[in-house]
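Below: one structure, written as structure tokens.
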Amino acid sequence: QVQLVESGGGLVQNGGSLRLSCAASGSIFSMYHMAWYRQGPGEQRELVARINIVGGTSYGDSVKGRFTISRDNAKNTVYLQMNSLTPEDTAVYYCNAGYRITSMASITNSWGQGTQVTVSS
């Protein structure tokens with residue numbers, strides 16, 4: 001069974017930085033997209049950043065220029081470097097990934113349990 005485990009969340013002051021990590025463990029034949037989403041209080045879950053298998057990236061408009069997504073394919077790990085954080089970035093951040101467990105399996109889309117990021121004003 002594949003698990004996505006996030007780490008790196010916490011409390012930071014306005015203007016500060018945090019780095020989130022998400023490691024996928026288990027039997028993975030091939031990892032495809034990896035992404036970060038977030039959900040603030042009373043809000044819908046939204047895409048923060050996404051990175052494909054060859055390193056192509058896309059970002060939500062609200063984080064462009066401040067956040068950077070990267071991945072280590074050897075470790076099946078995705079990172080999110082968050083700079084210039086504001087209270088509006090406060091949310092639970094979720095890791096998302098698509099992968100195959102065998103060469104013949106369909107692509108499975110999974111989510112981590114989430115990590116809280118709180119930015120104080």
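Just so you know, residue 1 is the first one in the sequence shown, and it goes up from there.
When hydrophobic clusters are built by joining Ile, Leu, Val, Met, Phe, Trp and Tyr residues whose side-chain heavy atoms come closer than 4.5 Å, directly or via intermediates, V92 is not grouped with L85. Each of L4 and I28 belongs to its own hydrophobic cluster when Ile, Leu, Val, Met, Phe, Trp and Tyr are linked at side-chain heavy-atom distances under 4.5 angstrom. When the side chains of ILVMFWY residues are joined at heavy-atom separations under 4.5 Å, either directly or via intervening members, L11 and L18 end up in two distinct hydrophobic clusters. Under the 4.5 Å side-chain contact rule for hydrophobic residues, F67 and I51 share a cluster. Linking ILVMFWY side-chain heavy atoms closer than 4.5 Å, directly or via other members, places Y37 and M82 in two distinct hydrophobic clusters.
Heavy atoms from other residues, nucleotides or ligands lying under 6.0 Å from CD of Q13 number 12 at most.
No side-chain heavy atom of V12 sits under 4.5 Å from any side-chain heavy atom of S17. Counting heavy atoms from C-beta outward, T90 and Q116 have side chains that approach closer than 4.5 Å. Using a 4.5 Å heavy-atom cutoff, the side chains of Y79 and T77 are in contact. V48 has its side chain within reach of L80: a pair of non-hydrogen atoms, C-beta onward, lies under 4.5 Å apart. The shortest side-chain heavy-atom distance between R38 and V117 does not fall under the 4.5 Å cut-off. For the pair K75 and S21, the minimum side-chain heavy-atom distance is 4.5 Å or more.
Counting only distance, with no hydrogens or angles, the side chain of Y59 and the backbone of G65 share no donor-acceptor pair below 3.5 Å.
The line from CD1 of I107 to OG of S30 is 8.0 Å long, rounded to the nearest 0.5 Å. Between the CE atom of M34 and the CG atom of D72 there is a distance of 9.5 Å, given to the nearest 0.5 Å.
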Result block: side-chain N/O donor-acceptor pairs under 3.5 angstrom for residues 94-101, not counting sequence neighbours:
| residue | atom | partner | partner atom | Å |
| --- | --- | --- | --- | --- |
| N96 | OD1 | H33 | NE2 | 2.8 |
| N96 | ND2 | N109 | OD1 | 3.1 |
| N96 | ND2 | S110 | O | 3.2 |
| Y99 | OH | S110 | OG | 2.8 |
| R100 | NE | Y32 | OH | 2.8 |
| R100 | NH1 | A105 | O | 2.5 |

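For S84 against R66, the heavy-atom pair with the smallest separation is O-NH1, 2.9 Å. Taking every heavy atom of both residues into account, P87 and N14 meet most closely at CD-OD1, 3.5 Å. Of all non-hydrogen atoms in I69 and A35, the two that sit nearest each other are CD1-CA, 4.2 Å.
Exactly one residue among W36, W111, Y93 makes a side-chain contact (heavy atoms from CB on, under 4.5 Å) with E6. That residue is W36.
Using modelled atom types and a 3.5 Å distance limit, the side chains of R71 and N73 yield a donor-acceptor pair.
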